[in-house]
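Computation of the quantities below employed the complete heavy-atom set of this structure, encompassing side-chain atoms and omitting hydrogens, waters and symmetry-equivalent molecules. Chain identifiers are assigned alphabetically (A, B, ...) following the order of the sequence lines, protein sequences preceding nucleic acid strands; residue numbering begins at 1 within each chain.
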Number of protein chains: 2
Amino acid sequence: MPKQPSTKALKNAGEIDEKIRARNIREILKAATEIFSRKGFDGARIAEIAEASGLPKANVYYYFASKEEIYRAVIEHLIEGWDDAFAHISADREPQDAIRSYIAAKLSYTRRNVIESRLFANEIIRGAQFLSRKDRQHMRTVTDEKVKVIEDWIAAGKLLPVDPRHLFIMLWSATQFYADFEPLACDALHTTKLKSLDYSVAAETISETVLRGLLPVGQMGG
Amino acid sequence: MPKQPSTKALKNAGEIDEKIRARNIREILKAATEIFSRKGFDGARIAEIAEASGLPKANVYYYFASKEEIYRAVIEHLIEGWDDAFAHISADREPQDAIRSYIAAKLSYTRRNVIESRLFANEIIRGAQFLSRKDRQHMRTVTDEKVKVIEDWIAAGKLLPVDPRHLFIMLWSATQFYADFEPLACDALHTTKLKSLDYSVAAETISETVLRGLLPVGQMGG
DNA sequence: TAATAAGTTGACACTTTGGTCAGGTTTTGA
DNA sequence: TCAAAACCTGACCAAAGTGTCAACTTATTA
């Protein structure tokens, strides 16, 4: 089974002539992400993924041994961007700015990556069966780190006492909702498609409500 | 096709001898709810639903013409309990009590009905394709009604200004999260299964945060 | 440039699964 | 009591879907 990447080094600094293997795998994963997101694991058809990636089905099986292997690869890929928005929750910032930025970043991310967001949500609802131990551990570690930041802010009197873990759950759920449950959000907001303004108002509402609830009296800006 | 319910009236006031048709349909829908929730529409197998409801597959098809018909029936059933918690948001209550009760009721409902909750979430993520026009209209109507209540509270100076629709989205997402995304919640809370205490702290955190953020200064109880 | 590795692909094997059906049994109602 | 309606079910089918394979072409490298 000649499925290992060749050991040949890159000839060019630029990736102008991307290697066949890399390109095909990338195309397959891209198509798979889209289709798994729309149809779920069971609903997705390999033939459809193949067509969407411009390859015959047998060629897809040349790179991946099974449907499950493709799915795992896709999921693993998703996790990579999971904690980007979390970077805003950093000890050296003022909680007000940090939380506001986090909410804005998370909403913006889910808006720009609806497909990935839904796929992730779907995987979790199904019991996170294909999320590797390593990935889950990573998520836990990052969360713990940020919990610590919140706790320090509380200890420093910069935030009213709150359970940081439940706080993160609140923020996570609120910011995911618009992308993951778009039909419900649309119904609630009397629109047929979420627009830029809807996301702005969402960010504003979440930020204001949460911050007014967490900042000591007299510390609300803007 | 003798698939209409018989016109015969109930002989007994009590439903002791439940009619065959009613019982079987109930069993099928019960099993189907469970299995659709765990596996999704495509992942669910009619044979499995049949087995779980104690009927041979062909018998399931005696009552339902297709998989889709079963699924639709299940979804329609779900909607029935959708607005129960919303009853707490009523104009004649104080916003503080009303919102607190709503959060508690919603959390309690999702906890007691995890299966239904996940199935519903799943259906929405997939684009709410099988939610009937009527059901969506119903949800919109109920929401509008409650939006009005919030607006009146704001007008009466009992709540700080907030977009009621986005507020509902916040509450809805936060209260759904624990049941729908249990694996994530467990990771975040460092536990393997959500316990009663976790739900209490969740209710407390959501209520306190939101209420402190919405009530005019000096109106927080507890 | 020749030999080996990597990539390609149509056709096919095999399994699963939604759905059907003919002929059976039980229930109902007059 | 008996005919009609309702209910039941094993056996079957066609379609769809995953995964395989042998033969082929293209790329690499010594």
Side-chain angles (χ1 to χ4, degrees), chain A residues 1-12 15-32 35-36 38-74 130, chain B residues 1-12 15-29 31-32 35-36 38-74 129-130:
Chain A
M1 278 88 183
K3 297 206 183 170
Q4 294 314 310
S6 94
T7 51
K8 180 183 161 248
L10 286 154
K11 264 185 293 217
N12 311 323
E15 314 88 324
I16 294 163
D17 59 342
E18 190 183 26
K19 274 171 290 178
I20 295 173
R21 182 180 190 79
R23 172 170 45 82
N24 284 347
I25 288 184
R26 186 171 46 76
E27 287 300 322
I28 292 168
L29 291 183
K30 190 173 132 201
I35 289 163
F36 279 133
R38 280 215 320 268
K39 314 251 184 117
F41 180 80
D42 292 294
R45 304 288 109 132
I46 301 290
E48 204 181 345
I49 292 174
E51 193 184 18
S53 49
L55 266 53
K57 184 161 64 91
N59 206 354
V60 170
Y61 275 101
Y62 174 71
Y63 291 106
F64 294 94
S66 67
K67 186 177 177 177
E68 190 178 313
E69 197 175 297
I70 302 178
Y71 187 74
R72 276 185 203 283
V74 166
F130 294 94
Chain B
M1 278 88 184
K3 297 206 182 171
Q4 293 313 309
S6 95
T7 50
K8 181 185 161 243
L10 286 155
K11 263 185 293 216
N12 310 325
E15 314 89 326
I16 293 164
D17 59 341
E18 190 183 28
K19 274 170 291 180
I20 295 174
R21 181 181 191 80
R23 171 169 46 82
N24 283 348
I25 288 184
R26 186 172 45 77
E27 288 300 321
I28 293 169
L29 291 183
I35 289 163
F36 279 133
R38 282 216 317 270
K39 316 248 185 122
F41 180 80
D42 292 295
R45 304 288 108 128
I46 301 290
E48 203 180 345
I49 292 174
E51 192 183 20
S53 51
L55 264 49
K57 184 162 65 93
N59 206 354
V60 169
Y61 276 99
Y62 174 71
Y63 291 106
F64 293 93
S66 68
K67 187 176 178 177
E68 190 177 314
E69 196 175 300
I70 302 178
Y71 187 74
R72 275 183 203 283
V74 167
Q129 292 170 24
F130 294 94

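- Going from atom CZ of B:Arg23 over to atom C1' of D:dC8 covers 12 Å, rounded to whole Å.
- Summary for the helix from C:dT1-D:dA30 to C:dA30-D:dT1: the axes at its two ends, each from 5 pairs, differ by 20° when rounded to the nearest 10 degrees.
- In this model, the phosphate group of C:dG7 is approached by a side-chain N or O of A:Arg21 to a distance below 4.0 Å at OP1 or OP2.
- Of all heavy-atom pairs between B:Lys67 and B:Tyr61, the closest is N-OH, 4.5 Å.
- Taking 4.5 Å as the limit, some side-chain heavy atom of B:Arg23 sits within range of a side-chain heavy atom of B:Ile20.
- In this structure, A:Tyr62 atom OH and C:dA5 atom P are separated by 12 Å, rounded to whole Å.
- Taking the six-membered ring for Trp and thresholds of 30 and 60 degrees, A:Phe41 and A:Phe36 have nearly parallel ring planes, at less than 30 degrees apart.
- Following rounding to the nearest Å, A:Ile49 (CD1) and D:dG19 (C1') show an atom-to-atom distance of 14 Å.
- Looking only at side-chain heavy atoms (C-beta outward), A:Ile25 and A:Phe64 come within less than 4.5 Å of each other.
- Distance CD (A:Glu48) to P (D:dA16): 14 Å, rounded to an integer number of Å.
- Here A:Arg45 does not reach the OP1 or OP2 of D:dA16: none of its side-chain N or O atoms lies under 4.0 Å away.
- For the pair B:Glu69 CD and C:dG19 C1', the computed distance is 13 Å after rounding to whole Å.
- The nearest pair of heavy atoms linking B:Ile70 to B:Val60 is CD1-CG1, 3.8 Å.
- In this structure, CZ in A:Arg26 is found 12.0 Å from OH in A:Tyr63, a value given to the nearest 0.5 Å.
- Nearest heavy-atom pair, B:Ile35 versus B:Ala52, reported as atom, atom and distance to 0.1 Å: CD1-CB, 3.9 Å.
- Relative to the side chain of A:Tyr63, the nucleotides C:dG7, D:dG19, D:dC7 differ in distance, and C:dG7 lies closest.
- Taking the charged nitrogens against the carboxylate oxygens, A:Glu68 and A:Arg72 do have a contact shorter than 4.0 Å, which makes a salt bridge.
- Within residues 50-60 of chain A, the residues approached by DNA chain C to less than 4.0 Å at the level of any non-hydrogen atom are A:Pro56, A:Ala58, A:Asn59, in residue-number order.
- D:dT9 atom P lies 17 Å from atom CD1 of B:Ile46, rounded to whole Å.
- Residue B:Tyr61 places its side chain closer to C:dG18 than to any other of D:dC7, D:dG19, C:dG18.
- In this structure, the NZ atom of B:Lys39 is 14 Å from the P atom of C:dT16, given to the nearest Å.
- One distance of note links OG of B:Ser53 with CG of B:Asn24; it measures 8.0 Å at 0.5 Å rounding.
- In this structure, B:Asn24 places its CG atom 10 Å from C1' of D:dC8, rounding to the nearest Å.
- Heavy-atom distances to DNA chain C give each of B:Gly43 and B:Ile20 a nearest nucleotide, and the one nearer the 5′ end belongs to B:Gly43.
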